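This is a predicted model, so every value here is computed, not measured. Just so it is clear, the values below take in all heavy atoms, side chains as well, and ignore hydrogens, waters and symmetry mates. Positions are given from 1, in the same order as the sequence printed here. In each ligand, atom 1 is the first atom listed, and ligand 1 is the first ligand listed.
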Amino acid sequence: MQRLTGIGVSPGLVCGRAVILNQRAQVLRYRVPAERVTHELERLEQGRARARAQLQDIRASVARRRGPELASIFDAQLLMLDDPLLVPRAAELVRDQRVNAEWAVQQVFEEFGRVFDDIVDPYLRERKGDVADLVGRLKMNIRLGLATPRELLREVDEASVLIADELTPSLAAQVDWSKVRGFATDAGSRTYHTAILARSLEVPAVVGLHDASRLIQPGQLVVIDGTASELIIDPSDDVLARVARSASDTRATPAPAPHETAPAVTADGVRIRLDANIEFADDLAAARYAGAEGIGLYRSEFLMTGDASALDEQAQYETYRQMLEGMAPGPVTVRTFDVDEDQLALHAAGPTVAGGWVAEQERGSRQGLRGLRLSLTRPELFRTQLRALYRAARHGSLRILFPFVSGVEQVREARRMIGEVTAELVRQGERVPSVPIGVMIEIPAAAFTADLLAREVDFFTIGTNDLIQYCLAVDRADARVSQLYQPLHPSILRVIVMVRRAARRQGIPVSLCGEMASDPALLTLLVGLGLTEFSMTPGALPVAKRLLADIRHDDMQALARRVLKLATIEEIERELLNALGRFAV
Ligand code: PEP
Ligand code: MG
């Protein structure tokens, strides 16, 4: 038995088998039952086969376009893929330690990494990047079809506890808390996020454990004691008896309250609109169940994770129609494709590399020909999407949203194309209703010209995920600066206020759909800053609704006024923490 002391942020006592989540490396580590080892080894082999097919495709296409010399770079990766120190070593770890395949591959990479770090020659040391690239591809291919932590957690047995390096609210929102009884994290400095979240979910939680996620083995029995701020590894019989007694005292595994259908209102009666962000039409049920009033963001580019036929006009029309009918009378905001050229090329290259699209999506900064800019240069693709959308429009309440807009010209050009498409549909005898057109405010240029853009569109949606990284010039994928990605930076709060004011002056609605909204503490501040519409991942909605019912709008306004005078992120966090005192640590 071993005890680790941290900070208890949500009371209660639970016991379960550890599932380890390494959020920074994007891998989940769990113990595989003996009868599933063969299945895990098959996943590893299938991952390798897919990676090999992709690399061969890439090599062939580079050879065609750039000649054989450049293509030979991929020979090295193909050779590494068959290196006995890589996949066979990972298979050994799966068999010996009974861990899942993606974690085994990650472990092997860390073993490799240590060898590379000791190399003096700078050229050779840099080859670590090639290995990282290959390992990333391998993990992605093993995960294929099991992309999100929620889906991965479905693979996990009942009665688990989650041990993570860190747990962001948006990730926590994807966890199935009916299976996961409690959580513990290494990180602890910014406890206000997790504290509020854990209490709202009513699961015991301890944070600030430093290296628990490394120390604890997947499948190990762990007790989380949120009341005593402790985590106990391999508990004694006495401790287990105490857990059993406490379980009979309290109700079993509390789950978040499902589908509260009443709209969200603050304690002093201010109505807040809560919509859902979804990636697939199938997520609609989850959105409705979680109490979403509408879909505030459908990331239509996820149609490209399927095969090419999903982009046919008829297939798109049917998808949009199904969503509009499924959500009626609530609105569905379809964002036109937000991809860049590389993602589009990967999709066009066919199903063997479709997984690469998801990896590209996870890549941090994408500042090139992307979003509406790309759509305007691919008129066929864009027209097909617009035709499908306008045909579907009469089946519900549709809103069309353009991503990655940096200027008024782009909106005018897109509107011109809409004019052409709708005229064509009318000529073909279609009934074409009017559809509100909006833009994402996610590039600083759009935020600074929000007053001008507001005259051209019917609504704004603030995309803080991109806005923060471009405002602060921080590539989240770059570990050396990723800690500078701070939603509470004074510049971000000011930019939000500026956009909100521009929208209000022009009388158009503005919502916020970045991950910032799914963090309960930040949500309260955003309400104070004057926002009344949010869209977030469905899992975050019940918590948001409950929290909003507990706070007063006028208190949040006063908080926002104080916060806007503060100069540093630390001061802002402290102020927020004080204001939310009764929820916080
Ligand atoms: C955003 O940028 O905040 C956003 C919601 O868009 P995405 O995360 O899809 O880039
Ligand atoms: Mg974005």
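- The ligand atoms of ligand 1 that sit less than 4.0 angstrom from a heavy atom of G514 are 3 (O).
- Atoms of ligand 1 found under 4.0 Å from any heavy atom of E442, numbered from 1 in the order shown, are 1 (C), 2 (O), 6 (O).
- Close approach of ligand 1 to L297 is summarised as follows: ligand atoms under 4.0 Å from at least one heavy atom of the residue are 5 (C).
- Every heavy atom of M516 sits 4.0 Å or more from the atoms of ligand 1.
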Could you please spell out the steps behind the side chain to side chain contact (heavy atoms under 4.5 Å, CB included) verdict for V405 and M440? CA-CA 7 Å; V405 169; M440 296 278 299; over 6 Å; no
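- E341 and R370 are not joined by a salt bridge, as no carboxylate oxygen comes within less than 4.0 angstrom of a charged side-chain nitrogen.
- Within the structure, the side chain to side chain donor-acceptor pair (under 3.5 Å) test picks out no pair touching residues 494-503 (sequence neighbours left out).
- Protein-derived N/O/S atoms nearer than 2.8 Å to the Mg ion (ligand 2) total 2, waters excluded.
- Residue-ligand proximity, R299 to ligand 1, at heavy-atom distances under 4.0 Å covers atoms 4 (C), 5 (C), 6 (O), 7 (P), 8 (O), 9 (O).
- Proximity of L467 to ligand 1, defined as any heavy-atom pair under 4.0 Å, is not found for any part of the residue.
- Those atoms of ligand 1 that come under 4.0 Å of a heavy atom in N465, given as number and element, are 1 (C), 2 (O), 3 (O), 4 (C), 5 (C), 8 (O).
- Near M440, with a cut-off below 4.0 Å to any heavy atom, the atoms of ligand 1 are 4 (C), 5 (C), 6 (O).
- Among V339, D340, T336, the single residue meeting the side chain to side chain contact (heavy atoms under 4.5 Å, CB included) criterion with L374 is V339.
- Ligand 1 places these atoms under 4.0 Å from at least one heavy atom of G463: 1 (C), 2 (O), 3 (O).
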Mind listing the side-chain donor-acceptor pairs of residues 522-531 below 3.5 Å, one per line with the distance, residues two or more places apart or on another chain?
residue: T524; atom: OG1; partner: A521; partner atom: O; Å: 2.5

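- Using a 4.5 Å cut-off on side-chain heavy atoms (C-beta onward), E575 and L559 make contact.
- Near R370, the atoms of ligand 1 lying under 4.0 angstrom from a non-hydrogen atom of the residue are 10 (O).
- Taking the side-chain contact (heavy atoms from CB on, under 4.5 Å) definition, one finds that D275 meets it with R273, E293, S535, sequence neighbours left out.
- Distance NE2/H395 to CD/E325: 6.0 Å, rounded to 0.5 Å.
- Tested against E413, the residues R415, E409, R416 include a single side chain to side chain contact (heavy atoms under 4.5 Å, CB included) partner, R416.
- Checked options E380, E420, E313; the residue passing with R387 is E313 (criterion: salt bridge (charged side-chain N to carboxylate O under 4.0 Å, His left out)).
- At a cut-off of 3.5 Å, with distance as the only test, a side-chain donor of Q316 or Y320 sits close to an acceptor on the other residue.
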